[in-house]
Structure formats: structure tokens, C-alpha cells
Amino acid sequence: MVRYFTRLRVRRIYKWGGRPYIFDRKLKSYGFEYLNMSVEGQEAVTTVTPGQYILIEGNDDEYPFVAKLLKFFGDESHKQKKALVQWFLRLSEVPQNKKLLLGRSPHPQEIFYYLGRACDNEINAESILGTVHVQHVPEDTPFPEPGTKDTLYVKLSWDTKAFNVLDPVLMQDTPASTPPKPALPLFPPCASPTATPVSRGPVRRALPTPDPTVMRRAGSVSDTRATMSAGKRSTLEAESIHSASKLSASKILSAKRRGSAADTPGVRKKLQLSIGASPGKKMTRADVLCELLDEEMESEKVISLKLSSSVSHSLQHGCSLSPMRSVCKTPNGQRRFPWKLSSISLDRLSPTALGEQDFSRATTPSRRKESAMAIREPALGVLAEEDSEDSPMQPIALTPRSKRKSAQLVSLRIRKQLNLLDNTQELISDGDDDCFVPSKKDLQSSSDEEKTVSEEETRGRNCKTSVRTPHKTPSKKVCMAVGGFCGACVICFYRNLLDNTQKLFSDGDDDCFVPSMKALQSSTDEEKSEEETVVRKTRGRNGKTSARTPCKTPSKKVTPSTPRHATPSIPSRTVPARQPGNILDEARARLHVSSVPESLPCREQEFQDIYNFVESKVMDGTGGCMYISGVPGTGKTATIHEVIRCLQHASDMDEIPTFRFIEINGMKMTDPHQAYVQILQKLTDQKVTADHAAALLEKRFSNPAPKKETTVLLVDELDLLWTRKQNVMYNLFDWPTRRHARLVVLTIANTMDLPERIMINRVASRLGLTRMSFQPYSFKQLQQIITSRLNKVKAFEEDALQLVSRKVAALSGDARRCLDICRRATEICEHSASHPSSTGLVRMSHVMEALDEMFSSSYITAIGCASLQEQLFLRAVIAEFRRLGLEEATFQQVFVQHRALSRVEGLQPISVSEGLAVCQRLGACRLLLLEASRLDMLQRVRLNVSQDDVLYALKAVRD
Amino acid sequence: MCTLSRQRKGSIHELVQMILRERFCHQRLPEKPVGMESQHKHLLELLRRTAVHGESNSVLIVGPRGSGKTMLLNCVLRELLEVKDVNKNVLPVHLNGLLQTDDRIALKEITRQLNLENVVGDKVFGSFAENLAFLLEALKKGDRSSSRPVLFILDEFDLFAHHKNQTLLYNLLDVSQSAQAPVAVIGLTCRLDVLELLEKRVKSRFSHRQIHLLSSLSFIQYLDNVRSQLSLPQDFPDTKFYDEWNDSIKTLCEDQSVVDVLQRHYNSSKDFRSLHLLLMLALSRVSASKPAIKPTDLLEASRVCMVDSKANILHGLSILELCLIIAMKHLNDIYEGEPFNFQMVHNEFKKFLQRKSHSIHNFDKPVVMKAFEHLQQLELIKSMDSSTAKIQKEYQLMKLLLDHSQIMEALQKYPQCPTDVKQWAMSAFG
């Protein structure tokens with residue numbers, strides 16, 4: 001329900017109510033009695049008082065946080081509105097790995113009393129969305145089956161480690177908080193009933209005062225809803241009077257109320273209006289029907305669907321006693337009521353109206369179909385009419401006496417059929433398609449009851465109708481059909497209400513329909529709280545209502561879920577990967593950089609520092625930044641992953657609170673702003689644009705969100721997140737400083753002085769001074785790393801390992817390099833294994849060969865392998881450089897030298913084209929650096945190798 | 001050998017030409033790469049480990065143009081795919097730095113070649129960022145033992161290093177160094193300094209395996225290669241012709257003039273691509289009446305290959321244009337390669353006309369200008385000023401793009417060149 005609220009994007013206004021009392025002298029904070037919430041642009045005011053259960057705005061629109069309000073307080077200026085709460089937890093908020101502890105499937109409406117201390121129980125009062133029912137269910141009793149969406153059940157408490165049975169004392173410390181609200185409103189009724197979206201919760205509201213102005217204002221959206229609910233209420237009251245045939249004294253009051261509701265001038269007026277309209281026109285029933293149908297076809301083709309929903313509203317409105325919505329949702333016993341009542345009212349009016357009622361039974365289902373369908377209806381209608389004419393018994397049901405009699409029957413029925421409820425509800429909850437099945441059933445059952453008052457023929461007709469209905473109307477419209485079935489006089493009101501309904505739906509789409517339904521629901525909820533004795537039955541009906549509502553809403557939700565988040569994977573292989581065969585294979589697998597070692601040697605100190613840092617932040621629930629630098633391949637990322645692994649383990653062991661780990665990498669995004677998108681996606685699995693993601697994250701990290709776990713964010717390759725304004729970096733380092741963020745940011749980059757070099761002051765300042773530098777590995781450490789990785793797999797000679805580590809430590813200290821060389825050495829060893837002398841161990845010679853391969857410059861070999869002319873050209877280049885005394889010459893100059901040299905060598909001189917080709921080939925290998933080739937002979941030539949290397953290589957060739 | 005049977009009806013020399021052309025144009029892989037056995041073994045082993053054991057690897061194949069990098073790789077892939085359990089397991093992805101000029105295009109191409117876009121259904125690929133995240137996610141989901149290994153083949157690897165931030169390389173190499181879907185990143189490049197192009201964090205993730213293809217072929221081996229390249233395959237249908245042809249090739253390769261020509265080519269470049277060009281030209285002279293390659297064919301082909309491109313242009317010039325070029329040559333001699341303008345050339349030319357010329361008439365200045373402009377269009381001379389500078393045509397500074405030797409050679413061969421012009425060209429100073 002909150003979803004609609006946010007969709008509407010209304011602004012809420014919060015005002016303190018009652019007299020402030022001094023709450024804390026020192027802090028100058030004042031307590032307040034209650035809080036008035038209102039939606040901007042609407043008069044409706046919701047009042048929240050301590051002791052109520054409230055919904056608090058959270059990350060999830062659909063499932064806001066739940067808490068019990070303990071106290072309101074604010075400062076002197078009334079600017080800050082704070083509230084103390086006792087949190088409740090939904091199962092979705094319980095950490096994933098702890099959900100299993102529940103040991104049973106949770107009830108969808110189940111919440112848990114939160115006993116942990118990690119959560120701030122002070123909230124901003126302006127994040128309150130509304131109130132909610134919370135009902136305590138004792139441990140051994142099952143959940144009250146058909147619960148409404150608005151009622152939450154609490155059975156257990158959660159203390160961050162385990163679920164415990166909730167001490168009922170905790171729930172009952174304030175009597176006002178028991179779910180059924182006190183019957184009498186605490187505040188004077190407002191001018192307009194507050195059926196605004198805000199008050200969809202069990203909001204205290206004016207009693208259904210029979211206010212003519214309200215009825216008259218039925219045209220506007222909110223008022224229509226109000227009227228609906230008012231209408232509904234009266235139905236309910238009517239029902240209560242019947243159902244509780246063993247009336248308690250308190251019921252008399254509601255009976256009175258019912259009477260007043262039924263006597264509402266508005267209702268009467270409408271009825272009379274319809275009657276007034278009908279006698280003049282209705283010559284024959286068929287005529288009227290056709291006329292009506294035609295008119296409607298013309299005017300309503302476009303908004304037929306809307307009309308169909310509007311029909312329901314108008315129906316309730318007009319008949320005042322037949323809440324069609326509830327008809328299709330509520331147990332059959334109740335469903336019959338409106339039908340009775342409306343027929344009663346009709347009977348009072350005129351016999352023609354009764355006939356028309358029959359029509360409407362038959363025709364309403366098809367009204368929303370094509371006109372062809374509609375044309376068929378009159379025939380049926382005539383048939384029905386004849387039936388009804390043949391049944392003089394029917395009017396009997398209209399006498400006051402029979403009315404009461406039937407009411408008694410009905411109440412009997414209700415009790416009988418309450419048992420049936422479960423079955424039907426199951427059917428309904430199955431989905432849209434099943435929706436009409438129960439209604440059909442209901443129809444039948446209601447027609448069964450019809451039998452008790454009307455004669456056989458009527459029943460036969462009813463049955464026919466009920467059979468027809470599911471066939472002809474889409475399931476969605478079944479309710480309409482039933483509505484038509486019940487409220488016979490509705491048809492007359494169609495035209496009267498057409499304007500209203502159009503107004504009603506002109507601004508909205510289908511969504512409009514749902515909220516109004518919700519409003520209806522909430523009104524029934526309220527009803528429930530007013531009538532203690534009806535509660536049980538009402539809940540039964542509410543269960544229906546809620547079962548119906550999901551039917552509608554999920555269908556809307558399912559459709560957009562296109563495979564947007566589909567992430568494919570590389571297809572899996574047909575033949576499983578072969579496991580390493582011999583020792584060398586095994587060693588190679590262990591030495592691969594990707595293999596995760598059992599432990600990370602040589603980084604104990606760094607590990608401990610980072611561990612302590614993150615652990616303390618997680619424990620305290622605070623935030624912080626850390627900057628880690630070091631050349632590539634020194635184990636920065638690996639160490640952090642190790643730390644996180646250990647912390648996760650600790651949190652699994654319940655040594656520290658749970659936290660979330662998120663990793664982003666500057667290199668793995670195309671644009672620095674993508675960082676927001678990735679963080680958000682990993683946090684909430686939402687996919688939004690960068691700007692929106694930034695806004696959402698800002699909101700997330702700056703607003704106090706209860707029960708938030710600490711987020712540990714690893715930002716790898718931080719330097720890539722640099723932008724001109726540096727706002728990405730700024731935000732990343734600014735969020736941890738927020739009070740409610742609970743964000744720990746670990747950043748990694750290669751250079752030690754990155755903050756000083758590229759960050760502007762305000763960014764560097766926020767990064768703070770928690771820095772750590774990973775030194776390149778020393779040869780001993782490298783040796784230890786290899787040894788620990790090999791883990792007693794004897795594949796290397798000790799000296800060979802030492803050679804590798806010394807060599808790498810001298811060059812870069814990059815562990816990756818070291819492992820790669822070792823891996824290559826095992827390969828070389830394997831190749832030479834055919835030699836009889838080999839022992840199967842990697843020896844010095846193998847390592848030397850691998851080192852040579854990886855570290856030796858290929859230039860000298862390349863020069864040695866070049867063609868004669870290419871070598872000659874290189875010599876010419878050097879000769880020309882020497883002549884010029886510069887390290888640069890044009891091709892033309894070099895070519896002159898080249899020609900002279902080839903004469904000396906006794907070679908046939910080559911043409912200029914060939915010479916250029918030779919030059920280009922050398923340039924492609926980057927032995928020479930050349931200018932763009934369009935300069936032709938004028939392009940300048942430079943050597944990319946030192947002259948000594950060239951001479952050395954050439955000398956080696958000649959020898 | 002279906003191609004052979006298809007060709008039955010054609011004459012025998014056409015069949016020969018077809019077989020050999022296929023070979024020279026690199027349309028068919030050789031049975032075995034020549035002169036690179038160790039590299040072949042190394043690469044095959046490496047890729048086999050990826051394919052069979054799911055071990056991630058990265059390797060660079062470095063060698064000058066025409067040294068057979070792609071051929072080696074294709075041979076290895078062919079051999080690898082012949083193995084039964086590898087065949088269905090490997091997903092090769094071919095990328096070329098000249099085609100995938102930025103990471104966005106490269107990512108789309110990878111996704112396409114991996115057939116991943118099917119998984120997303122009809123959703124059109126969104127942003128670059130989505131693409132990257134999508135691919136990384138896909139690779140991350142795999143693991144060593146269950147996912148099919150992906151072979152990323154990056155032709156012109158050095159061009160990928162010029163992409164922004166080297167994002168693609170970083171990510172591919174990072175995958176190859178982490179426990180994700182097994183990948184092998186194979187880079188092909190002719191640049192010896194390719195590692196210096198990589199950013200240090202990218203470089204650290206590269207395994208530093210380089211396979212160098214530097215042919216150290218001796219001339220004898222080169223000759224053998226020529227012979228084997230020209231020889232007909234054993235399964236040639238006409239055995240009589242097969243014997244005749246192969247014998248003629250053998251004698252051809254023993255001919256001294258042919259050996260000289262080949263030696264010259266060998267000195268110039270050792271790679272097979274230029275050799276194939278030469279042999280192709282010779283092959284095209286084979287016809288029904290002349291069913292063998294003669295030494296003269298090879299000599300002629302060599303002459304065509306070695307000819308200087310600019311000398312040919314010079315042959316087509318008019319006497320006036322030639323005179324202007326001689327004037328420029330003299331100016332170059334006088335001013336030691338400093339640039340000149342039209343006015344200087346015109347003066348030099350007029351001096352020649354006044355003093356020495358007997359056969360050349362005086363030309364109007366606009367006519368000379370026209371000739372000068374023609375030379376510029378032929379790119380025999382090149383303007384030294386930037387094109388934006390507004391300088392009168394006559395005074396634009398120019399440079400000659402011809403060598404002395406080229407001019408003299410052209411004069412020698414120029415048909416009916418007036419002797420006074422020749423003498424002027426050979427005289428030391430204008």
C-alpha cells in the first residue's frame with residue numbers, strides 16, 4: 001500500500017499535536033502527545049500517538065520498516081521531529097544466513113520483535129508513513145489464517161542471533177497498542193472522511209456520520225471513496241445486526257447506526273432519483289434495457305474497462321447497501337446480503353424495478369462485451385422476466401417481516417459457511433484465473449439461498465445466470481457480473497453516475513482502481529475495530545479481501561519483469577576439465593595466480609591492521625576510509641579479500657555484527673560515474689542510471705535507516721575514478737563521514753602519493769590519514785609465498801626457487817611475475833623430461849631458461865634474425881648518426897650511407913623503393929622509430945635500441 | 001582434395017596454378033609450420049592446457065610482418081580442434097585491433113561471438129557500461145572446471161593497448177589471473193616493444209609469455225623452401241605431369257641466375273610473403289604452351305618486384321617537367337638540400353635555356369608553372385609549408401622527393417632524351 005503512496009509522490013506535512021511537555025531540561029527537548037500527518041493538498045489528517053505501530057520509510061517501498069512508537073520529542077523550535085521507537089523486523093531484513101534459524105516457512109505478514117542493540121531507536125518523525133496493525137500471536141497458536149495486508153503478526157523476537165518466543169508482556173505494555181483499536185475516535189470527526197492514501201492504514205477517522213454533504217460530493221475522487229466506505233460500513237453494520245442474531249446490547253448501537261446510514265438522505269435521494277427516472281421511460285423492460293445498452297455502448301466504449309470498475313463504485317454508492325466489491329470477495333453468506341437489501345429497497349419502489357433487476361442480472365455480465373452480445377441479452381431478459389412474473393412469491397421477501405426472517409437465515413448461513421471460507425480462499429489466491437471460480441461458486445451458493453425465499457423457477461434462472469457468468473465475462477469482470485446480479489437497480493444509476501465515474505477515472509488509469517479498493521479495505525478494517533464482536537467474521541472477510549487484492553496487483557508487477565537482469569554465463573563444457581595428473585601439473589595448478597592460497601604469508605602485519613580497522617568499524621557501527629597503496633602484484637586486493645573472508649567467518653560465528661561486502665574496480669567500469677550504478681546494483685540489485693543511482697545512494701547513506709548493517713566497500717584502482725570535479729571520489733569519501741551511513745571504504749591504488757597528487761583538498765581531507773603501503777616483496781617473502789603455495793608438493797629444487805625469488809625481488813617484487821616464472825619453469829622441465837638426466841624436479845637450468853625467456857630483451861635476437869639488407873640499414877643508420885653527431889637522420893641521408901655500405905659489402909645496391917620497404921619493416925618491429933610514411937624520403941629515422949646493442953647484435957651475426 | 005576433382009575438366013596447367021595459388025595466397029594452411037617447431041609446440045601445449053585442464057593463460061606471439069604468426073596460431077587451433085574432447089569445448093573469439101578500434105566495439109563483438117546476446121532475448125544492448133558489466137558477469141560466473149574455456153585471439157594486439165585506460169586488456173588479463181571462467185588471451189603483434197605499451201597494472205596481470213617468431217632461416221633452407229613451395233603435392237592426379245613439373249622445379253632452383261635472384265630476395269627480406277609474391281608472378285606466366293616455370297620467368301618477376309616506383313613515374317614525364325626536376329637537383333646540390341620555390345626553379349631553368357639549350361624552346365611562365373604543379377601532384381616534390389599558410393604559389397617552399405640516382409637512372413632510360421638536357425643534368429653545377 002505504501003507503494004501507491006510513493007508513486008503518488010505526495011508531500012507529507014508533519015505537525016506536532018497536543019501540548020509540549022518538557023522532556024529533558026538539559027537538552028532542551030520537548031515531548032509531544034501526538035503527531036498530525038497530512039498530505040499536501042488534502043485536508044485529511046492522520047494522527048499518530050505513541051503506542052501505535054507505525055510504518056517507517058525505508059529502502060523498500062513495498063515493505064517499509066515497522067516499529068512501535070514509544071515517544072515523540074523535538075527541540076524547542078519544533079523544527080526537529082524525533083521519535084523513539086521499538087523496532088520490528090521483517091524476515092527479509094534478517095541476514096540471509098540467519099533466515100534458516102527460523103526453522104519453518106515464515107508467514108508473509110510475520111514480523112519479529114527486535115531485541116538487538118545495534119540499532120538506533122531514534123528516528124526522524126518525518127519518515128513515518130502511517131500506522132499499521134500489529135497483532136501478537138502466541139507461540140503455539142497458528143497465524144490467524146486470512147490476514148489482511150495491513151495486519152502484521154508478531155510471534156517471535158529476534159536478538160540478532162536467534163529467534164526467541166516473544167514475551168507477551170513486551171507487547172502489552174501499552175494497552176492502546178492492541179490491534180483492535182478503541183471503538184471511539186479520539187478526535188473529532190473531520191469535515192471530510194479521511195480516505196486519503198495516507199489513511200489507508202487503520203487511521204482513526206470520523207464515524208460514518210450521515211452527512212448529506214458528503215454524499216452529495218460523491219463526484220470527487222476522495223469523496224467517492226469515502227462514500228463508498230461509508231456505504232460499505234452501513235452494509236457491514238447491517239450485516240452485523242443480522243449475523244449476530246444473539247444480539248449483544250452493544251449491537252443495538254450499531255443497529256441504530258445502520259439505520260441512520262440506511263436512511264442517509266443522500267442514499268435515499270439517489271434511489272428516488274433513479275426511480276424517478278425509471279417510471280417515465282420504462283414501458284417494457286426489454287425496451288429499457290436496449291435503450292440503456294445503446295446509450296452506454298455509445299458513450300462508454302472507450303472507457304469500458306474503467307466503467308466496469310466504476311460500476312462497482314456507483315453500485316455501492318447508489319444502493320448504499322450493496323458493497324459489490326465485498327460481494328465478490330467476501331464469503332457467500334455476506335454476499336447475499338446486498339442482494340437482499342437492494343431487492344428490498346427496489347421492491348419498495350416498484351414492481352418494474354424488480355423486473356429490471358432480473359434484467360440486470362442477466363445482462364450486466366455482457367455489458368462490457370460487444371454490442372452483438374448485448375443484443376442477445378434482451379431475449380434472456382424477457383425470459384427472465386417471464387420467470388419472475390410467474391413467481392408471485394418473490395415479493396414476499398420484501399415485507400419487513402420476511403426481511404428479518406431472511407436476515408436470520410442469512411446469519412445462520414454465515415456461520416455455516418464460514419467453514420467453506422478456507423477452501424474458497426485457496427482457490428482465489430491461486431491467481432487471476434481462479435478468481436472467478438469461487439465467485440461462480442458463490443453465485444451458486446447464493447442462489448441456493450435464494451431458494452429459501454423465492455421459488456424453484458427463480459432459482460433455476462439464477463443458476464443459469466451464474467453458470468453463464470464465468471463463461472461470458474473475463475475473470476476480472478466477474479465481480480462486476482456479480483455486482484450486477486446483486487444490485488438490480490444499479491442499472492438505473494449508471495446514467496446518473498456516468499458523469500461522476502467519468503470524472504473519477506478521467507485522471508487515473510487502472511491504478512486508480514486499486515487504491516480505491518484499498519481505501520475500501522481500510523475502511524473495513526476500521527469497521528472491524530469498531531465492532532468487537534464482528535471482528536472474527538470481519539477478519540474472515542478481510543482475509544478474502546486480501547486474497548483478492550494480491551490477485552490484481554501481482555499481475556501488474558509480473559509483466560515488466562522482462563529478463564532485464566538476465567546475466568548469462570559461459571556455456572558449460574561437455575567434458576569436465578581434467579584434473580592435474582603428475583606432480584608438475586599439480587605444482588602448476590597451485591602456482592597459478594588464480595588459485596586461492598590457504599593463507600596469505602608475508603602480509604601478516606598488513607592483514608592485522610586492515611582487519612582491526614574494519615572490525616572496529618563494524619563493531620561500532622561507524623564508518624571510515626582507508627587508503628592502501630602498493631605496486632602491482634604485492635597482494636593488496638588479496639589481503640583485503642582475506643580480511644573480508646575472516647570477518648565473514650567471524651560474523652557467521654556471531655563474534656561481530658553482520659556486514660555487507662561490496663567490491664568495485666575502477667578498471668571494470670567504463671566511466672567513473674558508473675561506480676554509483678555498480679554500488680547500488682550490488683547493494684539493492686536495482687539497475688538505474690548513474691545520476692539516479694548517485695541520488696539514491698546519497699539518500700541511503702545520509703538518512704537514518706534502522707537495522708542497517710555496515711557496508712564494507714572496496715574500491716580497487718581508485719585512480720581511475722578521477723574526474724575533473726572529483727565528485728565521485730568526494731562522495732565515496734564523504735559518505736562514511738555521515739552519521740547514519742555505516743560505510744567503511746577501503747581504497748586501493750598503485751601510487752603512494754595519489755591523494756596528494758590528484759585529489760583536491762576537500763577530497764584528500766575526507767580520505768583521511770589512515771593509509772597503508774604495501775612494500776614490494778623481498779626475495780625471502782617471495783620464496784615463502786612459493787613454498788606455501790606449493791604446500792609440500794616437491795617440484796622445485798631449493799636453489800631454483802631462490803634464484804627465481806631473488807631475480808624477481810631485484811626487478812619488481814611482483815608476486816604474480818614470480819609465480820608466472822615458476823609456472824613456465826615447470827613447463828620447460830616437463831618438455832625436457834625426456835632427457836635421461838632429468839629428475840622430474842625443476843632445476844636451476846629450467847628456471848634460468850624461463851627467466852631468459854621472460855626478461856631478456858628480444859631486440860638483439862630480432863636484429864640477429866633480420867635480413868641482410870635490414871642489418872645493413874641499421875648499420876647505415878648508425879653510420880649516419882655518427883657522421884651527423886645526432887641521434888636522428890632523414891631516410892634520404894641514411895639511404896646514401898646504405899648505398900655506400902652495400903658497395904663496400906659487394907652487394908647489388910637496392911632501389912629507393914626497396915630501401916623504404918626495409919626501413920618500414922624495421923619500423924614496424926619498432927627497432928626504428930619512424931615519422932609518418934607520407935613524408936616519404938624526408939621522414940626522420942631514430943633508433944629504438946641503443947647503438948651499442950645494435951653493434952653488439954651485428955657483431956654477433958658476423959662472427 | 002575435392003577442389004582437384006572439381007577442376008578435372010580444366011587443363012592441367014590451370015590445375016597447377018590453382019593449387020599453387022592457394023598456397024601462395026595463404027588460403028590453405030600448410031601441413032606443418034616450417035621453421036617454428038618449438039614455438040608451435042609451446043603454443044599448442046599452452047592452449048591444450050587451457051582447453052583440457054581449464055587453466056587460464058595469456059601469451060603474446062611476436063614477430064615481424066609476414067613471419068607467420070597467424071599461420072602458426074591457425075595451425076595450432078586446427079590441431080587443437082581435431083582433439084575430440086576439445087572440439088566441442090573451446091569458444092574461440094577473434095578480435096582484430098584494426099577492426100575493433102575501441103573497447104565498445106570489441107565488447108559487442110565478443111558478446112556476439114560468444115553468442116551471449118541470445119541469452120538476453122530481444123533486449124537490445126544498452127550502454128557500453130552495461131555491456132562491460134554483462135560480459136564480466138558472464139565470465140565471473142564460470143569456474144575453472146565447469147565452464148567452457150574461451151580463447152581470446154587479439155590480432156594487432158598493440159592497437160588494443162591504445163584503447164582508453166586499456167579497459168579491455170585489463171579485464172581479459174584479470175580474468176586470466178583469477179578463478180573465473182578459464183580463458184586464454186593470445187595476442188598477435190609485430191611490435192617488439194609491446195609490453196612497454198601496457199600500463200603497469202595491466203602488465204602485471206600479463207603472464208609475460210612471449211613466443212617470438214624470428215626466422216633464422218639460412219639461404220640453403222630458403223632455397224629448399226622455394227622448391228617445396230613450388231612443388232606439386234603427392235596426390236596430384238596426373239603422375240606424369242607431376243614428375244615433369246617437380247623435375248623442372250628442381251632444375252630451376254639449381255640455375256645460377258635463379259639462385260642469384262633468390263639470394264637478392266633473401267638478402268632483402270626473409271619472410272615468405274614477399275617470396276610468395278615473387279613466385280606468384282612467375283607462376284602466372286605458366287600456360288598450356290609453356291607448362292613449366294623457366295628461369296627467365298623468375299628473372300622477369302624479380303625485375304617487376306624490385307623496380308623502383310618513382311623511376312616509372314619519371315619515364316612518363318614531359319621534357320619540360322624533366323628539365324624542372326634537373327633544375328631542382330642542381331638547386332639541391334647548390335643549397336645542400338635546403339627547400340626551394342618555383343621562382344628559383346624557374347630562374348635555374350631560364351639560365352639553362354639561355355646558356356646551353358639548343359633543342360628546348362622557351363616556355364611561358366604559366367606553362368612552366370603548370371608543369372611545376374603537375375610535379376607536385378605526382379608527389380615528386382612536396383610543399384614544406386603548412387597548407388594553411390597563404391603564400392603565393394611561386395614562393396611556396398618545396399622539397400624534391402627524388403634521389404640523385406633515381407634522376408640519373410630515369411634520364412638514361414628516358415626515350416629520346418635531348419643530349420643537352422642529359423649533359424646539363426650531369427654537369428656539376430647548373
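Quantities reported herein were computed from a predicted structural model and do not represent experimental measurements.
- Most heavy-atom pairs under 4.5 Å with chain B, from the set I910(A), V896(A), N665(A): that is N665(A).
- How far CG of D403(B) is from CZ of F891(A): 8.5 Å, rounded to the nearest 0.5 Å.
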Side chain to side chain contact (heavy atoms under 4.5 Å, CB included) assessment of T167(B) paired with K668(A): CA-CA 7 Å; T167(B) 309; K668(A) 292 185 180 173; over 6 Å; no
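- Comparing R921(A), E717(A), Q892(A) by heavy-atom pairs within less than 4.5 Å of chain B, the highest count is held by E717(A).
- In terms of non-hydrogen atom pairs under 4.5 Å with chain A, the most contact-rich of G66(B), P64(B), S269(B) is S269(B).
- For D719(A), the part lying near chain B is the side chain, with the backbone staying farther off; criterion is any non-hydrogen pair under 4.5 Å.
- R49(B) has no carboxylate O lying under 4.0 Å from a charged side-chain N of D585(A), or vice versa, which leaves the two without a salt bridge.
- In this structure, L402(B) CG and D936(A) CG are separated by 8.5 Å, a value rounded to the nearest 0.5 Å.
- In this structure, chain B has a heavy atom under 4.5 Å from the side chain of L907(A), while its backbone stays farther away.
- With a 4.5 Å cut-off on non-hydrogen atoms, L136(B) touches chain A through its side chain but not through its backbone.
- The interface of residues 201-211 of chain B with chain A, defined by heavy-atom distances below 4.5 Å, comprises R201(B), V202(B), K203(B), S204(B), R205(B), F206(B), S207(B), H208(B), R209(B).
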task: Show your reasoning for whether salt bridge (charged side-chain N to carboxylate O under 4.0 Å, His left out) applies to R926(A) and D158(B).
output: CA-CA 11 Å; R926(A) 287 297 188 280; D158(B) 47 318; 5.9 Å; no
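- Applying the salt bridge (Lys or Arg N to Asp or Glu O under 4.0 Å) test to D193(B) and every residue at least two apart in sequence or in another chain returns R191(B).
- In summary, E870(A) and K270(B) do not engage in a salt bridge, as defined by a charged side-chain N under 4.0 Å from a carboxylate O.
- Under a cut-off of 6.0 angstrom, the local environment of NZ in K682(A) is crowded, with over 12 non-hydrogen atoms contributed by other residues, nucleotides or ligands.
- Between R264(B) and E914(A) there is a salt bridge, since at least one side-chain N of the basic residue sits less than 4.0 Å from a carboxylate O of the acidic one.
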message: Before you tell me yes or no, could you show the steps for T670(A) and D103(B) under side chain to side chain contact (heavy atoms under 4.5 Å, CB included), namely the whole-Å CA-CA distance, both residues' side-chain angles and the distance that decides it to 0.1 Å?
response: CA-CA 9 Å; T670(A) 51; D103(B) 284 346; over 6 Å; no
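- Between R588(A) and H53(B) there is no side-chain heavy-atom pair separated by less than 4.5 Å.
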- prompt: Please walk me through it: do S309(B) and S913(A) pass side chain to side chain donor-acceptor pair (under 3.5 Å)?
  reply: CA-CA 6 Å; S309(B) 54; S913(A) 294; 2.9 Å; yes
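- If you tally non-hydrogen atom pairs under 4.5 Å between each of D671(A), V677(A), V918(A), L720(A) and chain B, the highest count goes to L720(A).
- Rounding to the nearest 0.5 Å places OG of S268(B) at 12.0 Å from CZ of F873(A).
- Here the NZ atom belonging to K310(B) is positioned 10.5 Å from the OG atom belonging to S911(A), to the nearest 0.5 angstrom.
- The greatest number of non-hydrogen atom pairs below 4.5 Å with chain B, out of Q869(A), M937(A), M667(A), M854(A), is found for M667(A).
- By the neighbour-count criterion of 12 heavy atoms within 6.0 Å, atom NZ of K807(A) is sparsely surrounded, having that number or fewer from other residues, nucleotides or ligands.
- When all heavy atoms of H592(A) and Q177(B) are compared, the pair lying nearest together is CE1-CA, 4.3 Å.
- Taking all atoms of both residues into account, the shortest heavy-atom contact from V912(A) to D308(B) is N-OD1, 3.2 Å.
- Counting heavy-atom pairs under 4.5 Å between each of A179(B), A311(B), P182(B), C305(B) and chain A puts A179(B) at the top.
- At a 4.5 Å heavy-atom cutoff, the contact between L132(B) and chain A is made by side-chain atoms alone.
- Between chain B and the residues P909(A), S594(A), G915(A), the most heavy-atom pairs under 4.5 angstrom are made by S594(A).
- There is no contact between I821(A) and chain B, counting heavy-atom distances below 4.5 Å.
- Crowding of E379(B) atom CD: a count of heavy atoms from other residues, nucleotides or ligands under 6.0 Å not exceeding 12.
- Proximity to chain A is limited to the side chain of E45(B), based on heavy atoms less than 4.5 angstrom apart.
- Proximity to chain A involves both the backbone and the side chain of S405(B), based on heavy atoms less than 4.5 angstrom apart.
- To the nearest 0.5 Å, atoms OG (S857(A)) and CG (L195(B)) are separated by 10.5 Å.
- In this structure, no portion of A850(A) lies under 4.5 Å from any heavy atom of chain B.
- Of the listed residues (K164(B), R65(B), M306(B), H212(B)), the one with the most heavy-atom contacts under 4.5 Å to chain A is M306(B).
- With a 6.0 Å radius and a threshold of 12 heavy atoms from other residues, nucleotides or ligands, E336(B) has its CD atom at or below the threshold.
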- request: Begin from the C-alpha positions of E827(A) and K41(B) and carry the test salt bridge (charged side-chain N to carboxylate O under 4.0 Å, His left out) through to its verdict.
  value: CA-CA 11 Å; E827(A) 284 168 27; K41(B) 196 178 165 195; over 6 Å; no
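- Residue with the most contacts toward chain B among Q908(A), R824(A), M669(A): R824(A) (heavy-atom pairs, distance under 4.5 Å).
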- request: Could you please spell out the steps behind the side chain to side chain contact (heavy atoms under 4.5 Å, CB included) verdict for K200(B) and N750(A)?
  value: CA-CA 9 Å; K200(B) 59 180 186 296; N750(A) 289 142; 3.9 Å; yes
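- Here L214(B) contributes atom CG and S858(A) contributes atom OG; the two are 7.0 Å apart, rounded to the nearest 0.5 Å.
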